[in-house]
Engineer: 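Okay, here's the structure, questions in a sec.
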Amino acid sequence: MAKPSDGEGALNALLGLGNHSTRKSHYPELTLRLGELETERNRYKWLFDHAVHGIFQASLHEGLRAANPALARMLGYRDEQEMLLFLHDLAGTLFIGAQVELNAIAHVLQREHSLQGYETRLRRKDGTYVEVLMNLLLKPDEDGLFEGFVADITERKQAQQRLQELNDQLELRVAARTDELLETNRKLQKQIARRERIERDLREARDAAEAANRSKDKYLAAASHDLLQPLNAARLLIATLRERTLPGAEHLLVERTHQALEGAEDLLTDLLDISKLDRAAVQPDIDLYRLDEVLAPLVSEFDSVASAAGLTLRARIGQFAVRTDLRLLTRILRNFLSNACRYTDHGSILLAARKRGDRLRIEVWDTGRGIAADRLGSIFLEFNQLDVGRAADRKGVGLGLAIVERIGRILGSPILVRSQPGVGSVFAIDVPLSDEMPAPISVAVQQLPGAGNPLPGRRLLVLDNETSILESMAALLGQWGCEVLTATDKASCYSVLQGRAPELILFDFHLDHGVLGCDVVAHIRKHFACEIPCVMITADRTDLCRRSLQKLNAPLLNKPVKPGKLRAVVSQLLG
């Protein structure tokens, strides 16, 4: 047996195969390594055969060497063997760009050793082509051998082409629409010029209407005092006659006159209120009030009204304090009570309050005719009265609840109503509650039943610049048993008082020559060094009047004053 050369011996020694015993000791390790290599080879073969994208191996000089089934399916072949038979020449049978494209690919691979994200077209078996994205890798130390990974991007390219077509169409449409818009713009410019002329005319007409409206408002504000003064005098005179014993025919005439004056008063008051609400001239003056200060005067005022209608008025007030505008809230509740007395034929009326979270719900219950559910929404419309067919049956003009609804919005207090025909109705308003309870004031203390009549013999001063008002007030208060002194200005006040302070002053806000009744009352109080109780009776409903009244801590009665309310307030102050 020939001896191995020195070179072979060195190689065998390096591989661990120098002698038989050595080779024998390395067989198990070699066998294990060969098994691992076979497993790895099988895994790569499985991945090669089952890959989603196409994979191939080719030579730049000798053509395609291997391909996976995915690439064969992509190019329309039955399997990879058929594909290898057909695609013997890369330039002529696979790449649409032929030898020029293959040369360009080879140049990049030889320089960069890879070609990433290369988009091209490959020829299918039937002669068509498929759009693909390829990543090519040149294998080192193997002359021109490279591997390719192929993804079909035909659908993406078709979508791009479709988008390009749509874009081209859109550009054509944009160009056409631009021409149309230019033409439309020219027409619009003409219309704008015409509209500017129309708007200018409308502004002039609006300014004229607003000027007329302001003039109307100023006229109503200025005329309200003069309109209500004679009406107030007539109401007081009629009230004086109603309390006297008259023959039947004369008593009937007096009652009819009273009803006519009451209707005229309601109409005028509502029209003035609507006018102020429409021009947003009413701003709430929020303050803290005891609930009995708010409700007790209303109970006193409407007790006689309910009795005259054959009804019973009950009240459940409770110890609460609310934050609200006293004048506006009283206006709402007075409307509720007035409607309850007006539209209830028999039974009773309940004025009650109950807590609802952080708000107090003040309710007026009646046993009247009731309102159908489908008609509840229309009761707040202006000049709307339900179930009134004849003029003789109408009471008022249907503005009361319209005013109530607007005042509720100003106060931020919702108006609630529920009703059942033949059973009765409940009107309510929610007002904010307060944990703070203010100290009571004398005007809010309701006269207790059985406390007697405090009016006879009491010395009262009436201050007004209208002689008819003074005469009417003197007749009515005198009939109630009071000693009445009348005056038109500060000088005549001191003249009739003759150095003795009155027990109560009833005064008008506006006197002659721009003098305010509040100033005269303040002077009389200072003169006698006594906080003489006083009541303002005025047709003025401005904020200036209310602020001046707050300084005197006096109640307010709006003209034309209701005799029942006047008697209740005077009795409370003197009691």
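Because the structure is predicted, anything quoted here is derived from the model rather than measured. Residues take their numbers from the sequence shown, with the count starting at 1.
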Engineer: So how far is it from Leu288 CG to Met437 CE, rounded to the nearest 0.5 Å?
Structural biologist: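 With rounding to 0.5 Å, CG (Leu288) is 8.5 Å from CE (Met437).
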Engineer: Between Met473 and Ile537, is a side chain to side chain contact (heavy atoms under 4.5 Å, CB included) present by the stated rule, with each step listed?
Structural biologist: CA-CA 11 Å; Met473 289 291 288; Ile537 304 174; 3.9 Å; yes
Engineer: Are Asp345 and Arg369 side-chain neighbours, meaning at least one heavy-atom pair lies under 4.5 Å?
Structural biologist: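 Answer yes - side chains close enough.
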Engineer: For Asp430, run the salt bridge (charged side-chain N to carboxylate O under 4.0 Å, His left out) check against Arg356, Lys355, Arg361 and tell me which one passes.
Structural biologist: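 So, applying the salt bridge (charged side-chain N to carboxylate O under 4.0 Å, His left out) to Asp430 and each of Arg356, Lys355, Arg361, only Arg361 qualifies.
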Engineer: Heavy-atom count around Arg316 CZ within 6.0 Å, excluding the residue itself: above 12?
Structural biologist: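 No - once you tally the heavy atoms of other residues, nucleotides and ligands closer than 6.0 Å, there are 12 at most.
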Engineer: Could you measure the distance from the OG1 atom of Thr367 to the CD1 atom of Ile349? Nearest 0.5 Å is fine.
Structural biologist: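 Output value for this atom pair is 7.5 Å.
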Engineer: Is any side-chain heavy atom of Leu455 closer than 4.5 Å to one of Ser571?
Structural biologist: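 Heavy-atom side-chain distance check passes, below 4.5 Å.
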Engineer: Can you find a pair of side-chain heavy atoms, one from Ile407 and one from Arg331, that are under 4.5 Å apart?
Structural biologist: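 Side-chain contact under 4.5 Å: yes.
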Engineer: More than 12 heavy atoms of other residues, nucleotides or ligands under 6.0 Å from CZ of Arg195: yes or no?
Structural biologist: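 No, not enclosed.
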Engineer: Provide the closest heavy-atom pair for Val570 versus Leu460 in the form atom of the first, atom of the second, distance.
Structural biologist: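 Where Val570 meets Leu460 most closely, the heavy atoms are CG1-CD2, 4.3 Å.
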Engineer: First locate atom CG of Leu291, then atom CD1 of Ile317, and finally report the distance between them rounded to the nearest 0.5 Å.
Structural biologist: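 If we round to the nearest 0.5 Å, Leu291:CG and Ile317:CD1 are 6.0 Å apart.
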Engineer: Which atom pairs, one a donor and one an acceptor, fall under 3.5 Å between side chains of residues 477-497 and the rest of the protein, sequence neighbours left out?
Structural biologist:
residue: Gln479; atom: OE1; partner: Arg244; partner atom: NE; Å: 2.6
residue: Gln479; atom: NE2; partner: Thr240; partner atom: O; Å: 2.8
residue: Gln479; atom: NE2; partner: Glu243; partner atom: OE1; Å: 3.3
residue: Trp480; atom: NE1; partner: Glu243; partner atom: OE1; Å: 2.7
residue: Trp480; atom: NE1; partner: Glu243; partner atom: OE2; Å: 3.0
residue: Asp489; atom: OD1; partner: Ala491; partner atom: N; Å: 3.4
residue: Asp489; atom: OD1; partner: Ser492; partner atom: N; Å: 2.8
residue: Asp489; atom: OD1; partner: Ser492; partner atom: OG; Å: 2.8
residue: Ser492; atom: OG; partner: Thr488; partner atom: N; Å: 3.0
residue: Ser492; atom: OG; partner: Asp489; partner atom: N; Å: 3.0
residue: Ser492; atom: OG; partner: Asp489; partner atom: O; Å: 3.0
residue: Tyr494; atom: OH; partner: His523; partner atom: O; Å: 3.4
residue: Tyr494; atom: OH; partner: His523; partner atom: ND1; Å: 2.5

Engineer: Check step by step if side chain to side chain contact (heavy atoms under 4.5 Å, CB included) holds for Arg177 and Val174.
Structural biologist: CA-CA 5 Å; Arg177 288 294 295 164; Val174 167; 5.7 Å; no
Engineer: Inspect the contact between Arg200 and Glu196 and indicate whether a charged nitrogen and a carboxylate oxygen are less than 4.0 angstrom apart.
Structural biologist: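 Not counted as a salt bridge, because no side-chain N and carboxylate O are separated by less than 4.0 Å.
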Engineer: What distance separates Leu461 CG from Arg500 CZ, expressed to the nearest 0.5 Å?
Structural biologist: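 Result: 12.5 Å between the selected atoms.
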Engineer: Which pair of heavy atoms, one from Pro533 and one from Glu503, lies closest together, and at what distance?
Structural biologist: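 Looks like CD-O, 3.5 Å.
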Engineer: Search all heavy atoms of Leu573 against all heavy atoms of Cys534 and return the closest pair with its distance.
Structural biologist: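 Minimum heavy-atom contact is CD1-O, 4.0 Å.
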Engineer: Please name the pair of heavy atoms, one in Ile286 and one in Arg323, separated by the smallest distance, quoted to 0.1 Å.
Structural biologist: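 For Ile286 versus Arg323, the nearest heavy atoms are CG2-C, 4.1 Å.
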Engineer: Return yes if some donor-acceptor pair links the side-chain N/O of Arg525 with the main-chain N/O of Leu552 below 3.5 Å, else return no.
Structural biologist: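 Yes: the side chain of Arg525 pairs with the backbone of Leu552.
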Engineer: Taking the side chain as everything from C-beta on, heavy atoms only, tell me whether Ile332 gets closer than 4.5 Å to Ile415.
Structural biologist: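 Side chain of Ile332 against side chain of Ile415, heavy atoms only: contact under 4.5 Å found.
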Engineer: Between Pro297 and Val294, which heavy-atom pair has the shortest distance, and what is it?
Structural biologist: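 Distance-wise, the nearest heavy atoms are CD-O, 3.8 Å.
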Engineer: Return the CG to CD distance between Asn167 and Glu171, rounded to the nearest 0.5 Å.
Structural biologist: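 Nearest 0.5 Å value for the CG-CD distance: 4.5 Å.
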Engineer: Side chain to side chain contact (heavy atoms under 4.5 Å, CB included) for Asp366 and Asn339? Distances and angles first, verdict last.
Structural biologist: CA-CA 9 Å; Asp366 66 57; Asn339 285 344; over 6 Å; no
Engineer: Which residue in the set Ile469, Val561, Leu566 passes side-chain contact (heavy atoms from CB on, under 4.5 Å) when paired with Leu506?
Structural biologist: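 The side-chain contact (heavy atoms from CB on, under 4.5 Å) with Leu506 is passed solely by Leu566 among Ile469, Val561, Leu566.
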Engineer: In a check of side-chain contact (heavy atoms from CB on, under 4.5 Å) between Lys187 and each of Gln189, Lys190, Glu183, which one passes?
Structural biologist: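 Among Gln189, Lys190, Glu183, the one meeting side-chain contact (heavy atoms from CB on, under 4.5 Å) with Lys187 is Glu183.
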Engineer: Within the structure provided, determine whether Ile362 and Leu351 are in side-chain contact (heavy-atom separation under 4.5 Å).
Structural biologist: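 Ile362 vs Leu351: side chains touch.
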Engineer: Could you walk me through whether Phe320 and Leu433 pass the side chain to side chain contact (heavy atoms under 4.5 Å, CB included) check?
Structural biologist: CA-CA 7 Å; Phe320 298 104; Leu433 264 174; 3.9 Å; yes
Engineer: Verify the distance criterion only: is there a donor paired with an acceptor across the side chains of Thr312 and Ser348 at less than 3.5 Å?
Structural biologist: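 No, because no side-chain N or O of Thr312 sits under 3.5 Å from a partner of the opposite role on Ser348.
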Engineer: Is any side-chain heavy atom of Val431 closer than 4.5 Å to one of Leu411?
Structural biologist: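 Not in contact.
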Engineer: Do the side chains of Phe427 and Glu363 get nearer than 4.5 Å, heavy atoms only?
Structural biologist: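 A side-chain contact is absent here, since even the closest heavy-atom pair is not under 4.5 Å.
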Engineer: Taking atom CG of Leu511 and atom CD of Glu466, what is their separation to the nearest 0.5 Å?
Structural biologist: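 Rounded to the nearest 0.5 Å, the CG-CD separation comes out at 10.5 Å.
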Engineer: Would you name the heavy atoms of Tyr289 and Thr324 that are closest together and state the gap between them?
Structural biologist: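 Shortest heavy-atom contact: CE1-O, 3.3 Å.
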Engineer: Do the non-hydrogen side-chain atoms of Phe509 and Leu556 ever get within less than 4.5 Å of each other?
Structural biologist: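 They are not in contact (no side-chain heavy atoms under 4.5 Å apart), so the answer is no.
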